Structures are given as structure tokens and as C-alpha cells.
Amino acid sequence: MSTLKAKTRLALLITVSLLVASGAVLFFAAGGQAAWKFKQQGCLDCHKDFGKKYLPMKDLHPGVKDDKCEDCHLRHGLIPKLLLKDIGNDLCLKCHEPKSLGLDKKHIHSALTMGGKCTSCHDPHGSDHSQLLKADGNGLCYQCHKKAEFEKKDVHPVIASQGCSACHLPHSSDQPDLLKGGESKLCVSCHDSSKGSFRKEHGGYPVEKSSCTMCHNPHSSSNPDLLKTSVHNPVENAECSMCHVPAGSAKPFDVTKKGSELCYQCHDKQQLTAGGTVEHKPFEQGACLSCHNPHASENGKLLLKNGNRLCLSCHKSMATPVSDNHAPVQSKTGCLSCHQPHASKNDNLLVQKGEALCYSCHAKEKEALKAKYQHFPFNSGMCTSCHDPHGSNLPYIFKGRMDDVCYSCHTDAREKFAKNIVHQPVSIASCNSCHSPHGSDNKDILKAEGSKLCVQCHSGFMKPAAQDGSTHPPFKEGMCLTCHDPHASNLTGMLVERQDKICFQCHSDISTGISNGTSVHQPVKDGLCTKCHSPHKSKLQNLLLAQSPDLCLSCHKAILARIKGPHVHPPATGDCLRCHKPHFSDKPSLVAAKSLQELCGSCHNLTDNAFAKAHIGISASVMDCTSCHEPHGSKSKDLFKDVVHPPFEGGMCEQCHIVVKK
């Protein structure tokens, strides 16, 4: 009954709570709503520094002026760049119609293309200059265009008075270079071509029908009359008739002769060839205008383009960028450091023949010609057999990977070096780690002789052994190649042959002993001398890797287990060579004595009464001690084998054996 009352009270309490909560919700949803509404703030309430900077400016973007930041920006965000409603110029073009900016025209300002942005020239918020420009007049253009090019000694007056916008449009044009109109038409809008002074300066030729910029720089020049840096003499002296038909002709710009015949009226061909018989193809074909402008140029010698750019306009394969350029190619003289422009006595228009040209810079390399041994391509002047004369993506401007270049002559080497174990310099294509590429006083053009070469990399390893240690004579005498192949091998350690074959060349006594021996140490039988010996040096005598018995027990694990047992044969914990020979023996188990009895008898008195009693008087000469005893260790104090005949275990040998005394 009491439980029912408690449940009733709990239900009543929950009902009242829900009614109170519902009332509160209704209150706040109705009369109390105003108390919970967020008050919206303007952007400038937070961005006060922005307001101080931009609001006083003369020209404000409408979005800033009318406090409509959200025309361009999102209200929320963590990173300012992500607050914009669109990316780059696409945001501007939402309001500024592309057609109104002329973006449908043939030529568009690179600031609007090629990754450029409207904000390169315009401030998106405000400016003290018209059109929200970041700078006034030419100063804006000079942000990208080098000022020095437009303010030389003689400046076009219109630039000084009206600025760049006198001739150029800011966004786009149907004319090249964003000009406001056709080039000649634009020029004669200021320069009256009908005036006598104009006609006189141009030799009476109707130049207004041609391109003014063939001779004049439209911005500024170091020469009078805005003539370009390099001017053809007839142009400079207004003697156009030296090349062209008279000004009054029907076609006044026609020339009196064609091709190089016209040029050779003034220029001596013999002087240009200087005795050279190998002619540059355009020169040979009389196509002077392939390289030269006949009137004027901003480049020296009336060249159409500056430096290497002219050459690369035909030799396009040379234009591919490389990581390691030949220094002359990158120098001020560029291609002309090595090549003649018109003709040469040498192939490929070279200024000097073959290696003589290379040595004009690389005098140090020439010294290698004095070396005792010289690389054949080097002493034959075949520098380009290995090197690309222009540049390469490889060190030393090599024509290919160093090993591939070497294999192009050393054809057998590629297959010969394709082994399981390859010397690191060979594997990383670094032949010049060991060999001098040009010449050396050492055979095989090695950089050093014998071990002096090896020590350059293996210096730590090749330090002398400890004073009380031992050193392998070939190693000590620097005879590395007695054992090792310098390039590659299919054998561990890059050995020239199996270990035993190499070792037996000197240690022939061991080879003979093995063939005649009854028992042979397994590592010796397997030809693995380095199981026990260091091939180079050791802190121990006889080049041993460790002292006995540790060295032996590293392989003989079963014996190690026995000598850890309760009863150990004392010699087993000492020097194994007290009982065994290390390589071979004419007795079983590498025994180091004429017989087993002699070996055991060196410690045990085989003739005393105690021995006779223990062995029921059987003569030691007919015994095999190891038939009953373990030679290294046992559970038995008498070193008996683990499994023995029960009568033997009880010391009752007489049950089986009859000993006849003689």
C-alpha cells in the first residue's frame, strides 16, 4: 500500500514539473522573446584599424562606402582568405562585366591572365587615387615594368606629360601591347607626317605607312630621336636609298638587291668569314635577316633577339632547361663563347679546334696530358665523348650516367659487373671514385696506388692492428686485389674466388693436409676460413676471431651444453687445441696426437695400479677411451656416457670380459 502511494506522489511531481517547464517556454516564446534576441554588430565594430586606414581615403569601394562588406565576404570563417565569396578575379567579375573590361578582345593585360589578379593594380577597399589604383600614373606600371627601361636619356615627351595611358589601355585591346590604336596611326596622331621636317628626317619615304618601332623605341632611348640602341648606318644618316628604291617609286620600300647581295654592297664577305669554310646555314643561304634587323634593334649588332635567345629560336633542342649548364653558355657572350656567328675553319662553327677550345678555359685539366697513363678519349681530344658541351642534368655535364658513358667504350664491363655483390662506387655509377677520368701516374688511371686508393673510403677499417694482435700479410702490404675484385663478384666480400682457393694459394700445407687427412674441420671442408679467422687483422694471434674455447663453442653448441653440466673434463674449459688440431688430422675427431691413448696418457698415468684396477687390468693400448667416456663433460663424475650397459654401470665388467694376463 505504501509503495503505491509513493508511486502516485512521484507521478504527480513529474506532471507539475512538465507544466512549469511548458509555461516557461511559452513565456519566452511570447512576451519574453526580446530578452533573448542577439544584437547584430557591424564589421567595423571589430575591425577598427581597417576603418582608421580606409574610411578617410578619397575613393572607396562601394561595398566599404555603403557598409556592405557581405557583398564580397562571408560572415563567418576562421581563415581570412576563406572569407571571400569567390576566388581571385571571379569575385570582381560578379559585378564588373567582363565585356565592359574588354576581356573579349584579342590582347588582355597579363595582370588579368597568367595567374594575375585585379588586386595587382587595384586596392579592393579604398585608395587616395582614382579607380582604386594602388599608385598614381606611371608609378603603378613600374610595379611590374622596369623603370630604367622607360627613363633613359631621351624620353618620349608624351610619357612625361600624359604617362603610359596616353598610348596604352589598362585592361585590353585589339592591338598588340594594349595600344589604343594601330601603331602608325597612333604615332601620326601626334607627329604630323605631312610636315617638311618629318619628310626630310625620313628621306622622303612614306614611313607613316610602316612601323615606327622598326627604328624608334616608343618609350625612351640613349640615342637622339628615340632611335634604338643599335642603328644601321643608313638609317642613322637618313640614307634609306642606300638599300631601298627611290622614295617616289610605286613601291618605295622595295630593296635594290635581294638577300645578302644587298648587304655585301657594304659588308665584305671575306672579312665576315675570316677564311672559314664552314658557314652558318642562314649566312650560307644569304638570309642575313634571319638574325639581323635591317634598321635598328635594342640588341647589339642589330640582332633580332638578345644573346642566346636568338640562337635558340632555331636550335630549339638546346632550349630545354638543364640543372648543370656549361658556364660559357650562361656567360654574357653565351653561344659566341665557343661558336662563330658567320663562318669558321672548324666543324660546328667552333672558334678553335676540338680540345684546344676546351683547354682555353680548362687549363688545369690539360695538365693531365703529362700523366704517365692517359684516358684514350682525353688524349685524343674527344672531350665530347663524355661531356655535353652545352649542359646536362648530370654532374660534370656528363652526356649520361657515368657508368653508361664508360660502358659505351668498355662494352664488356656492363656484363662483367652484373654480379650479386657490387662495389658501391660501381653501383652508384661513380667510376671516378677510383679512376681519374683524364690521366694518372698510376696504372688503369687509378687515383692512387694499391691500398692507398682503398684507404680513401675504408680508412677506419684499415688502421693497423693492436700491437699484440696479428695482421694478414697481404692486407698489411696493401695487396687488396689479391683477394678482392675491385668491381663486382658473386661471392661474399667481393672475393675473386672461393675463400679456400684464395687462402690455399699461400697456405698450401693446409691444402695438402686436407687431402691426406682422416678428419677435416667442417669450416675448412666448406672453404669458410673466415668462420674462425679474420681475413684482415685481429687483436689476437693467428687472426683468430675469438679465444679458445669461445671461438669453438660458437659452433659446437652440444659441447657447450655438456661443459655446463655437473662434471666437466678440465681440458674442455681451456684451450681446445690441447686435444684437437684446428684444420685437419690423420686421426678421427681432429685428435692432436699419434693416438687416442697417447693423447689421454699425456694427463692420465695409464700404467699405475689405480688405472689398471679401474679398467680390470685391460691394457690401455687396446682401449678406445671414448667408447665409455665423454671427452668434454658428463652427468657422471667419471665422465661416463649418458647411456651405458647396466653391468658396466655397476662396475661388473667381469661379467662380460675375460682378462687374460700374459
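Note that the structure is a prediction, hence the values are computed from the model and not measured.
Q597 approaches A620 most closely through the heavy-atom pair CG-O, 3.0 Å. Residues R498 and L491 approach most closely at N-CD1, 3.6 Å, considering heavy atoms. Closest non-hydrogen pair, V322 versus N393, comes out as CA-OD1, 3.2 Å. V524 and I510 get closest at one heavy-atom pair: CG1-CG2, 4.4 Å. Residue S451 comes nearest to M462 through the heavy atom pair CB-CE, 3.6 Å, listed as atom of the first residue, atom of the second, then distance. Nearest heavy atoms, S323 versus L394: OG-N, 4.4 Å.
Proximity of K463 to K537: side-chain heavy atoms (C-beta onward) are separated by under 4.5 Å at one or more points. Residues T333 and P328 form no side-chain contact, since every pair of their non-hydrogen atoms from C-beta on lies 4.5 Å or further apart. Within the 4.5 Å cutoff, the side chain of L91 has no heavy atoms near those of the I87 side chain. Taking 4.5 Å as the limit, every side-chain heavy atom of T482 sits out of range of all side-chain heavy atoms of F475. Counting only heavy atoms from C-beta outward, the side chains of H645 and C656 approach each other to under 4.5 Å. Side chains of S636 and H567 form no contact here, defined as non-hydrogen atoms less than 4.5 Å apart. Between E477 and T471 the shortest side-chain heavy-atom distance does not fall below 4.5 Å. Within the 4.5 Å cutoff, side-chain heavy atoms of F648 are placed close to those of C653.
Donor-acceptor pairing under 3.5 Å is recorded for the side chains of S548 and D575. Judged by distance alone, the side chains of D624 and T626 do bring a donor and an acceptor atom under 3.5 Å apart. For the residue pair S621 and S619, a side-chain donor N or O sits within less than 3.5 Å of a side-chain acceptor on the partner. S519 and S589 share no donor-acceptor pair across their side chains, judged by distance under 3.5 Å alone.
Side-chain atoms of H569 come within 3.5 Å of backbone N or O of P631 as a donor-acceptor pair. Under the 3.5 Å distance criterion, the side-chain polar atoms of D441 are left unmatched by any main-chain donor or acceptor of A371. A donor-acceptor contact shorter than 3.5 Å links the side chain of S595 to the backbone of E598.
Counting heavy atoms of neighbouring residues, nucleotides and ligands inside a 6.0 Å radius, atom CD of E449 does not exceed 12 of them. Within a 6.0 Å sphere centred on CG of N605, other residues, nucleotides and ligands contribute more than 12 heavy atoms. By the 6.0 Å contact criterion, CD on Q547 is open, its count of non-hydrogen atoms from other residues, nucleotides or ligands being 12 or less. No more than 12 heavy atoms of other residues, nucleotides or ligands shown are found within 6.0 angstrom of NZ on K117. More than 12 heavy-atom neighbours from other residues, nucleotides or ligands sit within 6.0 angstrom of CZ on R414. Other residues, nucleotides and ligands place no more than 12 heavy atoms under 6.0 Å from the CD atom of Q424. By the 6.0 Å contact criterion, NZ on K447 is enclosed, its count of non-hydrogen atoms from other residues, nucleotides or ligands being greater than 12.
The distance from the CZ atom of F504 to the CD atom of E497 is 12.0 Å, given to the nearest 0.5 Å. In this structure, OG in S436 is found 9.5 Å from CG in L446, a value given to the nearest 0.5 Å. H390 contributes atom NE2, which lies 10.5 Å from atom OG1 of T384 (distance to the nearest 0.5 angstrom). From M402, atom CE reaches atom CG of D404 across 11.5 Å, with rounding to the nearest 0.5 Å. In this structure, M623 CE and H629 NE2 are separated by 8.0 Å, a value rounded to the nearest 0.5 Å. Rounding to the nearest 0.5 Å gives a distance of 4.5 Å between CG of L453 and SG of C434.
A ring pair (Phe, Tyr, Trp, His ring centres under 6.0 Å) with H484 holds for exactly one of H423, H536, H458; it is H536.
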Run the numbers on D403 and V426 for side-chain contact (heavy atoms from CB on, under 4.5 Å), then give the verdict. CA-CA 8 Å; D403 54 351; V426 178; over 6 Å; no

Evaluate S470 against L540 for side-chain contact (heavy atoms from CB on, under 4.5 Å), listing each step before the verdict. CA-CA 6 Å; S470 54; L540 307 172; 5.7 Å; no

From CA spacing to verdict: side-chain contact (heavy atoms from CB on, under 4.5 Å), K353, N346: CA-CA 6 Å; K353 189 175 181 180; N346 307 305; 3.6 Å; yes

Before giving the answer on ring-ring contact (aromatic ring centres under 6.0 Å, His included), spell out for F611 and H604 the whole-Å C-alpha distance, their side-chain angles and the decisive distance to 0.1 Å. CA-CA 8 Å; F611 181 87; H604 302 280; 7.9 Å; no

Show the numbers, then the answer: is there a side-chain contact (heavy atoms from CB on, under 4.5 Å) between K557 and L553? CA-CA 6 Å; K557 305 295 183 185; L553 295 176; over 6 Å; no

Salt bridge (charged side-chain N to carboxylate O under 4.0 Å, His left out) between R562 and D642: does it pass, once the steps are laid out? CA-CA 11 Å; R562 286 199 170 277; D642 293 340; 3.1 Å; yes

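In this pair, F378 and H438 present their aromatic rings tilted. The plane angle is within the 30 to 60° band. Relative ring orientation between F398 and H387 is described as perpendicular, the plane-to-plane angle rising above 60° on a 0-90° scale split at 30° and 60°.
Taking 4.0 Å as the cut-off between side-chain N and carboxylate O, K531 and D526 do not count as a salt-bridged pair.
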